Amino acid sequence: MAAIEADDVHKPCTVLIKDKQISSGKYWTRSEKNQWAAGLLLGTAMLYAARTIMPMCVVTVSQEMNWDKTEAGTVLSAFFWGYTMTQFLGGYLSDRIGGDVVLPIAACLWSLITFWTPQLAYLSVDKHTALYIVVLSRVMLGICQGFHYPGMTSIISRKVHEQERSLTYSVVAAGSHCGTLLTGSIGSLLMELYGWQMPFYVIGLCGILWMLAMRHFLIQRHRQRYINMGPGGSPVSSTPVVRESQSVPWVTLFTKPAFWSLLVGHFCENNAFYILLSWLPTFFHENFPSAKGWVFNVIPWVVTIPSSVGSGWMADHMIRKGYSVTFVRKLMETIALGGTSLFLVLLSFTNSYYSSLTCMAIAVACCGFHNSGILVNPQDIAPKHAGSVFGIMNMAGAIPGFVGVYIAGHILEATKSWTAVFNQTALVCMIGWTVYVLFGTGKKIV
């Protein structure tokens, strides 16, 4: 109660400071925040729509290209080899020159790669050569998409107040589930009607359109306002704004257990998320071949959107009520990692289609709480260097994308057992939960 009462005493002062920071241009106004959140949500949706086409099509493409499960796993995991490479660079550049500069360039590149993927697959009639080309295109897609999340994190940490970051970030991050839903629904229908190539063409074009709209309606208008208007609304020089260039105190960070718990927790949660993202369509195709693809590719991601947004609202509400940021982040991760682990284990005991779909949907929905836990935590512990810290964290989080996804394919090829895949994934989740609950924090450390 004492902590809550103390926060209540200081609330008027906090509100005044926040209002002054908004009027000075340090933070977005409510209208600007809503516009940017909507724009970044759509961008994240396009990002994940492009990323998840191959997992959706991999069964059909494997039959046409004569790939076995190990080769299919190589194609699926290749994306994350590239995705790992540019996480830190994306955060560093975004902190130095601005995420609003980095995001459109990266979006143009990954959209073009998505559009041309079907043509690249047919460049050679030799099976192995074609496989290498597809793997290379997936690596390049990962390299270009690796700039998105660090850039987005850098923007939000600079322009959104601490008490509103959880909701803003969780809304924007919910775009990942919207994009997966888009691919699973419209993409599945396009594949059934026009072949597996059509989703690549359509979503690639949508990515280009998003990039052009973002530049025209938000980025250029945002720059014009802050170049031409001073803190009090007075004209200033048209010279571009010079951003802070403080170096990241890596030595201090790497000696903090809280920083390492961030990496471990994100690694373990992403291991579960990427395995589900990549192998969920194959699981249902093999175990329930008569099931409609648009159903099991849609339902898990439909229920995850409200869990992601709702967790953000819950986290911000609890922080405003006086709960410590540390407690809130750990609670969100307990639901994310603990819930995912529980329902993956339960999935091993299900036999019917509907019980499997229910367990899978709840497991994926629990992943949505990660958006208000570890995913926003870099903005708590290092607000001035959130892009760079997120880049390092997401680099660690991308490793299970190629290691975990590939190992899952290898386990399936060797044992034919989905239970083995789900149980080892659940174990990794519990390891991440234990480490983060013991050592994680929501306090600023640098």
Side-chain angles (χ1 to χ4, degrees), residues 52-81 127-128 130-132 134-135 138 180 183-184 188 191-192 196 267-301 340-364 366-367 399-431:
T52 53
I53 302 174
M54 187 59 77
M56 179 195 69
C57 299
V58 71
V59 174
T60 303
V61 179
S62 295
Q63 292 172 350
E64 182 176 327
M65 301 292 182
N66 197 28
W67 296 339
D68 60 29
K69 280 193 174 61
T70 300
E71 290 170 330
T74 302
V75 171
L76 294 176
S77 63
F79 169 87
F80 297 97
W81 286 98
K127 170 190 171 181
H128 296 291
L131 177 65
Y132 296 148
V134 173
V135 167
R138 293 283 292 169
T180 306
T183 299
S188 294
M191 183 175 68
E192 290 180 7
W196 65 266
F267 176 97
C268 295
E269 198 280 338
N270 274 14
N271 180 69
F273 181 76
Y274 288 141
I275 287 176
L276 293 175
L277 183 71
S278 299
W279 289 108
L280 184 150
T282 305
F283 169 77
F284 281 102
H285 273 300
E286 288 192 352
N287 291 277
F288 310 101
S290 61
K292 295 293 184 181
W294 66 267
V295 176
F296 58 73
N297 284 327
V298 166
I299 290 179
W301 310 107
T340 302
S341 177
L342 173 62
F343 284 96
L344 284 178
V345 171
L346 292 177
L347 187 62
S348 303
F349 296 96
T350 59
N351 296 314
S352 69
Y353 169 68
Y354 290 107
S355 59
S356 296
L357 184 61
T358 300
C359 284
M360 186 71 79
I362 298 176
V364 176
C366 288
C367 292
I399 293 174
F402 55 85
V403 175
V405 172
Y406 176 81
I407 289 176
H410 185 70
I411 290 174
L412 289 172
E413 188 71 26
T415 67
K416 313 297 181 184
S417 172
W418 285 99
T419 298
V421 173
F422 294 142
N423 286 344
Q424 64 91 15
T425 304
L427 176 62
V428 173
C429 283
M430 293 312 298
I431 293 172

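Here the structure is a predicted model, which means the values were calculated and not measured. Counting begins at 1 with the first residue of the sequence.
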Visitor: Among Tyr353, Phe422, Phe296, find the residue that satisfies the ring pair (Phe, Tyr, Trp, His ring centres under 6.0 Å) test when tested with Phe283.
Guide: Phe422

Visitor: Between CD of Glu64 and SG of Cys57, what distance do you get to the nearest 0.5 Å?
Guide: 10.5 Å

Visitor: Which residue pairs pass the salt bridge (charged side-chain N to carboxylate O under 4.0 Å, His left out) test when at least one of the two sits in residues 276-289, sequence neighbours left out?
Guide: Lys69-Glu286

Visitor: From the options Ile407, Thr282, Val421, select the one residue that forms a side-chain contact (heavy atoms from CB on, under 4.5 Å) with Leu412.
Guide: Val421

Visitor: Below 3.5 Å, can you tabulate the donor-acceptor pairs from side chains in residues 71-80 to any protein atom, sequence neighbours excluded?
Guide:
from: Glu71; atom 1: OE1; to: Asp68; atom 2: N; distance (Å): 3.0
from: Glu71; atom 1: OE1; to: Lys127; atom 2: NZ; distance (Å): 3.4
from: Thr74; atom 1: OG1; to: Thr70; atom 2: O; distance (Å): 2.9
from: Ser77; atom 1: OG; to: Gly73; atom 2: O; distance (Å): 2.8
from: Ser77; atom 1: OG; to: Thr74; atom 2: O; distance (Å): 3.2

Visitor: Please report the closest heavy-atom contact between Pro281 and Pro55, naming both atoms and the distance.
Guide: CG-O, 3.7 Å

Visitor: Without hydrogens or angle criteria, can the side chains of Thr183 and Thr52 be said to hold a donor-acceptor pair below 3.5 Å?
Guide: yes

Visitor: Go through the steps for Ile362 and Cys366 under the test side chain to side chain contact (heavy atoms under 4.5 Å, CB included), then give the verdict.
Guide: CA-CA 6 Å; Ile362 298 176; Cys366 288; 4.3 Å; yes

Visitor: Supply the atom-to-atom distance Ser290 OG to His285 NE2, rounded to the nearest 0.5 angstrom.
Guide: 11.5 Å

Visitor: So, for Ser341 and Cys429, which heavy atoms are closest and what is the spacing to 0.1 Å?
Guide: CB-CB, 3.9 Å

Visitor: Verify ring pair (Phe, Tyr, Trp, His ring centres under 6.0 Å) between Phe288 and Tyr354, making sure each step is shown before the conclusion.
Guide: CA-CA 10 Å; Phe288 310 101; Tyr354 290 107; 9.2 Å; no

Visitor: Between atom CG of Asn287 and atom CG of Asn351, what is the distance when rounded to the nearest 0.5 Å?
Guide: 10.0 Å

Visitor: Working to the nearest 0.5 Å, report the span between OG1 of Thr425 and CH2 of Trp279.
Guide: 12.0 Å

Visitor: In Å and rounded to the nearest 0.5 Å, what is the CG to OG1 distance from Asn271 to Thr340?
Guide: 11.0 Å

Visitor: With rounding to the nearest 0.5 Å, note down the distance linking OG1 in Thr358 to CG in Leu346.
Guide: 11.5 Å

Visitor: So with a 6.0 Å cut-off around CH2 of Trp418, is the heavy-atom count from everything else above 12?
Guide: yes

Visitor: With heavy-atom distances below 4.5 Å as the criterion, would you say the side chains of Leu357 and Phe284 are in contact?
Guide: yes

Visitor: Taking the side chain as C-beta and beyond, is there a heavy-atom pair between Val134 and Met65 under 4.5 Å?
Guide: no

Visitor: Is there a donor-acceptor pair closer than 3.5 Å between any side-chain N or O of Thr415 and the backbone N or O of Ser417?
Guide: yes

Visitor: Taking it one step at a time, do Leu347 and Ser356 satisfy side chain to side chain contact (heavy atoms under 4.5 Å, CB included)?
Guide: CA-CA 6 Å; Leu347 187 62; Ser356 296; 4.0 Å; yes

Visitor: Within a strict 4.5 Å, meaning less than it, do heavy atoms of the Pro300 and Leu280 side chains meet?
Guide: yes

Visitor: Let me see the working for Met360 and Phe343 under side chain to side chain contact (heavy atoms under 4.5 Å, CB included), right down to the final yes or no.
Guide: CA-CA 7 Å; Met360 186 71 79; Phe343 284 96; over 6 Å; no

Visitor: Would you check, one step at a time, whether the test side chain to side chain contact (heavy atoms under 4.5 Å, CB included) holds for Asn423 with Ser348?
Guide: CA-CA 8 Å; Asn423 286 344; Ser348 303; 3.3 Å; yes

